[in-house]
Amino acid sequence: MRFSPITINSSTFYSLLFLAYISLSLLRFTWPDQMINSLAITAIGLFALFTVRIDKKLQLLILTYIFLLLISFFVSSLLNTRLDRIIQNLFFILASSGIALLLTTRSVSLWAVSIPFWGLSSYFILLIFLSVDPMEAIFTSQNGISMMILVAAISYYLVSHSLNRKIDLKPALITLIISIWGIGRSGIIVGLILLFGVL
C-alpha cells in the first residue's frame, strides 16, 4: 500500500487537526449534544476526507467503501424506521471516514495520538488512586470511560502501526485496567480483545 509522501509541514498540520478532532470528540462524552462541538467535529472530518492525499489506485476502492457504508446505514434506518437525525449521522460517517484516512495514511505523527492517550490515562489513573467513583469521573456513564480510553488507545495503535513502530503493550494493558475500573462490561470485553490482539 503506497501513499503520497507527506511533507513535514502537512504532517504537523494534520497532526494538529487530528488532535483538535479527538479532543473535541472526548469532550462530547462529558458535555454531549453540543451543537457547536458537533459542527466543529464534522467540519474537521470532512476537511480531512477531501484533502488527505492517497494513492490513486486506492481512491476508487475507498470511495466505493464509503458509498456502501452510507447506503447500508440509510437502508437500515429506513427498515427500522429510525429516521431521527439521519442527515447528521450520515455526515458523521463521512467525517469519521476522513479521520480514518488520517490515521492510516501516515498523515498523523505519533505525538498527536500519544498526547490524548497518555493525558487521558494519567487522569483516570489518578482518579483510581484517589478512590473516585467512576460515575463521578465524566458525569455521563461508566461506559463512557471505557469508550474514551479505547478511542485514544486504538488511535494510538493505528498510527503506530502505520509508521511501522515497535508494538508497545503498555497502552493496551492500561486501557484494560481503566475499563475494568469503569465497570462497563462492553468496555472490559473490548479492552481484553485489544490486549490479546496486540499480543
Side-chain angles (χ1 to χ4, degrees), residues 1 3 6 11-12 14-32 41 44-45 48 52 54 62 65 69 92-93 95-199:
M1 187 179 296
F3 299 98
I6 301 293
S11 178
T12 302
Y14 282 124
S15 295
L16 291 172
L17 195 70
F18 172 77
L19 193 56
Y21 177 89
I22 194 170
S23 298
L24 291 172
S25 298
L26 295 176
L27 192 63
R28 291 184 77 237
F29 283 99
T30 305
W31 291 290
I41 289 172
I44 292 172
V52 172
I54 58 176
I62 291 172
Y65 174 77
L69 195 61
F92 271 139
I93 291 174
S96 298
S97 299
I99 299 303
L101 285 178
L102 280 185
L103 292 173
T104 55
T105 56
R106 301 179 186 174
S107 302
V108 177
S109 301
L110 193 60
W111 61 263
V113 287
S114 297
I115 290 174
F117 175 76
W118 291 111
L120 202 58
S121 297
S122 299
Y123 171 69
F124 285 139
I125 289 172
L126 176 62
L127 295 183
I128 292 173
F129 279 114
L130 293 175
S131 301
V132 174
D133 187 330
M135 281 299 294
E136 299 178 3
I138 58 173
F139 310 109
T140 51
S141 71
Q142 292 165 320
N143 283 328
I145 293 173
S146 54
M147 289 174 67
M148 290 174 75
I149 196 65
L150 281 164
V151 166
I154 292 171
S155 298
Y156 176 90
Y157 280 117
L158 283 172
V159 171
S160 181
H161 176 71
S162 71
L163 296 175
N164 299 316
R165 299 297 179 90
K166 184 178 179 180
I167 294 176
D168 186 359
L169 293 177
K170 291 191 295 294
L173 184 59
I174 292 171
T175 298
L176 178 59
I177 292 171
I178 292 173
S179 296
I180 292 173
W181 170 68
I183 314 176
R185 286 174 295 179
S186 299
I188 294 172
I189 292 172
V190 177
L192 282 168
I193 293 173
L194 176 64
L195 179 59
F196 284 120
V198 172
L199 284 170

Problem - L195 to L173 - nearest heavy-atom pair and separation - result: CD1-N, 4.1 Å
Exercise for the section: List the atom of I145, the atom of G182, and the distance in Å for their closest heavy-atom pair. Expected result: CD1-CA, 4.2 Å
Completion exercise
One should read off an interatomic distance between L150 CG and S179 OG, to the nearest 0.5 angstrom, of 4.5 Å
Exercise for the section: Answer yes or no: is there a side-chain heavy-atom contact under 4.5 Å between L102 and S107? Expected result: yes
Practice task
Using atom types as modelled and distance alone, determine if a side-chain donor or acceptor of S160 lies under 3.5 Å from a backbone N or O of Y156.
Solution key: no
Exercise for the section: For the residue pair R106 and N164, establish whether any side-chain heavy-atom pair is separated by less than 4.5 Å. Expected result: yes
Handout entry: Gap separating the CD1 atom of I99 from the CZ atom of F92, nearest 0.5 angstrom
Key = 11.5 Å
Problem - Whether S155 side chain and V113 backbone form a donor-acceptor pair below 3.5 Å - result: no
Exercise for the section: Quick one: pull up OH in Y21 and CD1 in I44 and give me the separation to the nearest 0.5 Å. Expected result: 8.5 Å
Handout entry: Contact summary for L103 and V159, nearest pair of heavy atoms
Key = CD2-CG2, 3.5 Å
Handout entry: Residue pair I174 / F124, side-chain heavy-atom distance below 4.5 Å
Key = no
Practice task
Search all heavy atoms of S11 against all heavy atoms of S15 and return the closest pair with its distance.
Solution key: O-OG, 2.7 Å
Handout entry: Separation of L199 CG from L169 CG (nearest 0.5 Å)
Key = 5.0 Å
Exercise for the section: Kindly indicate whether the side chain of W118, heavy atoms from C-beta on, has any atom under 4.5 Å from the side chain of P171. Expected result: yes
Exercise for the section: Indicate yes or no for a side-chain donor-acceptor contact from Y157 to the backbone of A172 under 3.5 Å, with no hydrogens or angles considered. Expected result: yes
Problem - Residues in salt bridge (charged side-chain N to carboxylate O under 4.0 Å, His left out) contact with K166, at least two apart in sequence or another chain - result: none
Handout entry: Flag if over 12 foreign heavy atoms under 6.0 Å of CG, L110
Key = yes
Problem - Minimum heavy-atom distance L19-I22, with the two atoms named - result: O-CG2, 3.5 Å
Practice task
First locate atom CG of L176, then atom CD1 of I180, and finally report the distance between them rounded to the nearest 0.5 Å.
Solution key: 4.0 Å
Handout entry: Residue pair S146 / I188, side-chain heavy-atom distance below 4.5 Å
Key = no
Exercise for the section: Would you give the length of the straight line joining atom OG1 of T175 to atom CG of L192, rounded to the nearest 0.5 angstrom? Expected result: 11.5 Å
Problem - Partner set under side-chain contact (heavy atoms from CB on, under 4.5 Å) for I189, not counting sequence neighbours - result: I193
Completion exercise
Shortest non-hydrogen pair, A48 vs G98, comes out as CB-O, 3.7 Å
